[in-house]
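Note that these values count all heavy atoms, side chains included, but never hydrogens, waters or copies made by symmetry. The model shown is predicted, which means the values in this text are computed figures rather than measured ones.
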Amino acid sequence: TPQRGVQAFSLNASVAGGNLSVSDTVFNDGNVKLNPFRVGIYLSADNVITPGSDTLIDSRTVVDLQKGATSSATQSISLATIPTGTYYVGMYADDLFQISEVNEGNNAKASSSAFDIGPNLKEILLSGTITGGNISISDTVQNVGSATATAPFNVSFYFSTDTAFDGGDTLIGSRTITSDLGANGTSSASASYPIPPALSVGTYYVVSFADSGNAVTETNEGDNTRATAGNYNIGPDLVVFSLTANPSGGNVIASDTERNQGNQAAGPFEVSFYLSSDNTLDGGDLLIGSRTVAAGLAVNATNSASTTLSLASASPGDYFLCALSDSGTAVPETNDTNNSKCATTVLHVGPDLKVFSLTISKSAGNVSVSDTEQNAGNQTAGAATVTFYLSLDQTLDGGDVLLGSRNFPSLAVNTTNSGTNLFTPPGGTAAGNYYVIAVTDSGNVVTENNSTGTGETNNTLVSSITVPIP
């Protein structure tokens, strides 16, 4: 009795070079030669091949297949003709049911795994470098899919607070890929983009998005983004670029240059000046003035000024002048810890009384003393006393004879007070030729400082001549 049958014996499928290669073998498992029949090649969403519902992509006709014989063939199908998707590849022997078979259940065979058919765009390299107010971005997009990605399509770049893209990220810019990308093809580019001025100050990653406009239908739309390995501080960063302190009378002239070394413009801000007992600004330092940078600073811009600051409010002592940029914290910055700088010049602050001049003469049995007291410091000196001594040498010591004294009023910075007095030497003063030594602020009622920081050590002056006693 004739028994007819055809079996799907083997199937091998592979994707390479933009084509789907399918090798199939059918076997005549009946006992008679078979009339011509068709072998169909199908794409299926599952591994069950069903003619009529699955997609036929190619076929071949087998003629005069003898009993016990096989027929093999390999077909190459362009992926461009296949819609993007994930498929099993299958064969169906006698898919037109031209042969009445004893067993119709062995006619189909499917690939053991599914194939992603179509393009798949992926960012494989991404880096960024900030220079001034711009960021230079270099990226490489690769089509890791099996079919050509048809141009044009866009690659967009975003600032993101994390490494994942979402709708809240801020667009930096984009580039257009204008040439098709075949399977495994790449597109690389570098471009500079301005940092968005409205971006809030903070720390961000750069995230790239291949095919951000969804122009290309892909096998996997979930792997199109990539983030930089490192993050970037975005915002202004104000620093005191330079600071010098120049004493001038009762003032100090602060010459400072403020710089925005960040990557966004800074709005208006204050620069405040302090006196510090060391060269580190802290909360215990004395505020003595400020200035305003009303126009703010663009990226890498500077602003310089000289500001006259009074020293009147400081206690006598030695100080450094310090400046604090954006002292009112009006400008959000990437780094608020680098806003201060102290000048290297030591400021000796305080009054400094000295005997500016001293002349003496003998008048009968008395000594005439004319003196001028000066405040050579940079703060007002209170009222004080100048005392005069007779000395056989030019050094004041405990053996010298008190001659007399006079009081003088408070002295403003760089002012003087002069007086002439007639003093009678005390009885019992040994005969001899005497110098007169004047000691200003002999009661030490005025706390002093001077340009060398020696304070009270310059308060005496010795007359250039002697007078005979008696």
Side-chain angles (χ1 to χ4, degrees), residues 246-251 311-312 314-319 345-470:
N246 298 294
S248 177
N251 304 305
L311 298 171
S315 299
D318 291 340
Y319 297 94
T345 302
V346 178
L347 299 174
H348 305 292
V349 176
D352 181 23
L353 293 172
K354 60 169 42 177
V355 184
F356 183 73
S357 66
L358 177 66
T359 59
I360 61 173
S361 62
K362 188 71 179 291
S363 177
N366 300 313
V367 179
S368 176
V369 179
S370 296
D371 70 295
T372 297
E373 306 306 305
Q374 181 189 30
N375 178 8
N378 45 37
Q379 287 184 319
T380 297
T385 299
V386 55
T387 300
F388 305 100
Y389 296 87
L390 296 174
S391 178
L392 292 171
D393 53 29
Q394 294 179 304
T395 302
L396 182 66
D397 57 39
D400 295 337
V401 178
L402 175 64
L403 180 62
S405 63
R406 76 174 184 91
N407 297 324
F408 58 92
S410 175
L411 292 179
V413 174
N414 284 332
T415 61
T416 60
N417 178 270
S418 300
T420 299
N421 292 274
L422 198 63
F423 299 105
T424 301
T429 301
N433 294 318
Y434 287 86
Y435 294 94
V436 172
I437 300 178
V439 180
T440 193
D441 188 28
S442 53
N444 290 321
V445 296
V446 177
T447 303
E448 300 181 57
N449 205 336
N450 61 24
S451 60
T452 61
T454 53
E456 308 280 357
T457 63
N458 63 345
N459 287 27
T460 64
L461 184 65
V462 182
S463 61
S464 58
I465 62 172
T466 60
V467 291
I469 304 295

Problem - Pair Ser391-Leu396, side chain to side chain contact (heavy atoms under 4.5 Å, CB included): steps then yes or no - result: CA-CA 7 Å; Ser391 178; Leu396 182 66; 6.0 Å; no
Problem - Tyr389 and Val401: CA distance, side-chain angles, deciding distance, side chain to side chain contact (heavy atoms under 4.5 Å, CB included) verdict - result: CA-CA 5 Å; Tyr389 296 87; Val401 178; over 6 Å; no
Practice task
Let me see the working for Val467 and Tyr435 under side chain to side chain contact (heavy atoms under 4.5 Å, CB included), right down to the final yes or no.
Solution key: CA-CA 7 Å; Val467 291; Tyr435 294 94; over 6 Å; no
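- Put simply, the side chain of Lys354 never gets that close to the backbone of Ala376: no donor and acceptor are under 3.5 Å apart.
- Remark: the Gln374 side chain and the Thr416 side chain contain no N/O donor-acceptor pair separated by less than 3.5 Å.
- With Asp352 as the partner, the side-chain hydrogen bond (donor to acceptor under 3.5 Å, both in side chains) test is satisfied by one option alone out of Asn449, Asn378, Asn458, Asn459: Asn458.
- In this structure, a donor-acceptor pair under 3.5 Å is absent between the side chains of Thr466 and Asn433.
- Taking both residues in full, the closest heavy atoms of Pro351 and Val446 are given as CG-CG1, 3.6 Å, listed atom of the first, atom of the second, then distance.
- Judged by distance alone, the side chain of Ser410 and the main-chain N or O of Ala381 form a donor-acceptor pair under 3.5 Å.
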Practice task
Could you walk me through whether Leu402 and Phe388 pass the side chain to side chain contact (heavy atoms under 4.5 Å, CB included) test, one step at a time?
Solution key: CA-CA 6 Å; Leu402 175 64; Phe388 305 100; over 6 Å; no
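- In terms of heavy atoms, Thr395 sits closest to Ile437 at C-CD1, 3.8 Å.
- Counting only heavy atoms from C-beta outward, the side chains of Asn366 and Phe423 never approach each other to under 4.5 Å.
- Judged by distance alone, with hydrogens and angles left aside, the side-chain atoms of Gln379 form a donor-acceptor pair with the main-chain N or O of Leu311 at under 3.5 Å.
- Exactly one residue among Thr387, Val386, Thr420 makes a side-chain contact (heavy atoms from CB on, under 4.5 Å) with Arg406. That residue is Val386.
- Under the 3.5 Å distance criterion, with hydrogens and angles disregarded, a donor-acceptor pair is assigned to the side chains of Thr385 and Asn407.
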